[in-house]
Amino acid sequence: MAETIGWVGLGNMGFPMARNLLKGGYTVNVYNRTASKADVLVQEGANFMDTISSLCLESDIVVTMLADDQAVKSVYLGEGGLLNASVSGKLFINMSTVSPKTSRELEEMSKAVGARFLEAPVSGSVKPAEDGTLLILAGGTADNFRAAQPLLEKLGKASLWLGSVGAASYAKLAINYFLALTLQGLAETVLFAEKNGVSAKDMLHIVNESACGSALTKIKSPLILEDTYPPAFALKHMAKDLRLAREQEIDFPLSTPLSETYTAALQDGFGEADVMAIIKYLAKGLSNAATTK
Ligand code: NAP
């Protein structure tokens, strides 16, 4: 396999994705702001790079899987960032969820220094990232998509090319809008049932055996029943994605309250928990309302 991959960002998603490239036979250089998160991958054969610029110099393709627009911009544009290195001919793939505007800016700036850019945000959480079964949404030139495909095949069950840079970011924000609606809907349904004497266990059974049930409701049901919310997809990222969606000037009856609810949950301290912890935030509101009656 000819190409050496540079991987920046070893969070909940980036770690298992980079690991799949290693397992797939690629030489993988890794960088993470918190260096210790690379230890396991280094034991498994990855090369840790002290700086982003050295990672860039030593790699043919550089993938970023980072928290948000600000993190991605700092890795590309900050002092010693990707675009400060010698990058002619390199392919940058940003798989983090960012705004279409940021994605287009990164493409322009990459082109200006002779590099290629592809946006490739993903649908699917930690388990599909571990299993290499993510759904990858790609935006960029056909040539850049083709160049990325062998690598993307190690990470996902399918890669969809949606057109020029920006298109995949819009698609990603749209699918996460549906995700947020579904999870808040599930939370409100369970709380409504419980308030009226139907247990969460029974209600989740009904949801999951009915036409309303889905892979998503089934994955999230155990978290509700066990009342523990270890982050697969942290709530703070959903609040970010809904904010980005609203910045695209969507104005549906549910878009504002939906975004406001997740933002309020973030401000109330649920940001580091899994997104399903929206039910904890909503339950708190119900019990506060009950005590003030
Ligand atoms: P995460 O666990 O919070 O990891 C975030 C990564 O970004 C870490 O490597 C973190 O470094 C790095 N980072 C944050 N701020 C930074 C900064 N200013 N400079 C440099 N590095 C910075 O996030 P994740 O769950 O892996 O998600 C990554 C992206 O994928 C997000 O855009 C998210 O919306 C998207 N996504 C997530 C899921 C999911 O289920 N988790 C699914 C689909 C898409 P440190 O380790 O040093 O903090």
Side-chain angles (χ1 to χ4, degrees), residues 6-20 30-41 46 48-53 55-56 62-82 93-100 102-103 106 119-138 152 155-157 159 168-169 171-180 182-183 215-216 219-220 223 229-245 262 266 270-278:
W7 191 282
V8 186
L10 298 172
N12 290 329
M13 295 294 284
F15 179 91
M17 292 167 77
R19 187 182 235 172
N20 279 340
V30 293
Y31 173 88
N32 195 62
R33 181 180 62 175
T34 308
S36 58
K37 289 191 188 171
D39 290 351
V40 172
L41 289 185
F48 184 73
M49 298 284 156
D50 284 337
T51 62
I52 293 168
S53 51
L55 171 132
C56 190
V62 179
V63 184
T64 44
M65 191 53 167
L66 298 158
D68 52 21
D69 292 53
Q70 188 244 324
V72 173
K73 281 184 179 171
S74 79
V75 163
Y76 272 78
L77 309 172
E79 203 182 326
L82 288 174
I93 307 175
N94 178 44
M95 304 192 79
S96 336
T97 307
V98 298
S99 69
T102 293
S103 211
L106 292 175
E119 62 174 0
V122 303
S123 179
S125 192
V126 172
K127 183 75 170 61
E130 288 169 351
D131 296 344
T133 57
L134 293 164
L135 180 59
I136 298 167
L137 316 175
L152 299 180
L155 303 175
K157 62 181 175 188
S159 299
S169 295
K172 173 61 193 167
L173 295 181
I175 186 69
N176 271 23
Y177 183 72
F178 186 50
L179 181 66
T182 307
L183 294 181
L216 179 64
I219 287 168
K220 296 301 183 187
L223 278 67
Y229 301 90
F233 180 40
L235 189 143
K236 65 181 176 186
H237 292 319
M238 180 59 91
K240 174 253 307 180
D241 293 346
L242 291 169
R243 175 177 53 76
L244 294 178
Y262 282 90
L266 172 68
F270 292 98
E272 301 300 330
D274 188 77
V275 63
M276 193 65 246
I278 193 67

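In listed order, ligands and their atoms are each counted from 1.
- In the candidate list Ala129, Pro231, Ser125, Ser125 is nearest to atom 40 (O) of ligand 1, counting heavy atoms.
- Of all the heavy atoms of Met95, none lies under 4.0 Å from any atom of ligand 1, so neither backbone nor side chain is involved.
- The ligand atoms of ligand 1 that sit less than 4.0 angstrom from a heavy atom of Lys240 are 31 (C), 32 (O), 33 (C), 34 (O).
- Neither the backbone nor the side chain of Val8 has any atom closer than 4.0 Å to an atom of ligand 1 (non-hydrogen atoms only).
- Between Val126 and ligand 1, a contact under 3.5 Å exists for no N or O pair.
- The side-chain hydrogen bond (donor to acceptor under 3.5 Å, both in side chains) test applied to Lys220 returns Asp274, not counting sequence neighbours.
- The shortest heavy-atom contact between Pro16 and Gly11 is CD-O, 4.1 Å.
- With a 4.0 Å cut-off on non-hydrogen atoms, Ser74 touches ligand 1 through its side chain and not its backbone.
- For a threshold of 3.5 Å applied to N or O pairs, the pair formed by Arg33 and ligand 1 contains at least one separation below that value.
- Taking a cut-off of under 4.0 Å to the non-hydrogen atoms of Ala232, the atoms of ligand 1 that pass are 39 (C), 40 (O), 41 (N).
- A distance of 5.0 Å separates CG in Asp241 from OG1 in Thr97, rounded to the nearest 0.5 Å.
- For Met13, heavy-atom contacts with ligand 1 shorter than 4.0 Å involve the backbone as well as the side chain.
- Considering backbone and side-chain atoms together, Lys172 places no N or O closer than 3.5 Å to any N or O of ligand 1.
- Using a 4.0 Å cut-off between heavy atoms, Pro121 makes no contact with ligand 1 at all.
- Under the side chain to side chain contact (heavy atoms under 4.5 Å, CB included) rule, Val8 has a single partner from Asn94, Asn32, Val30, Val62, which is Val62.
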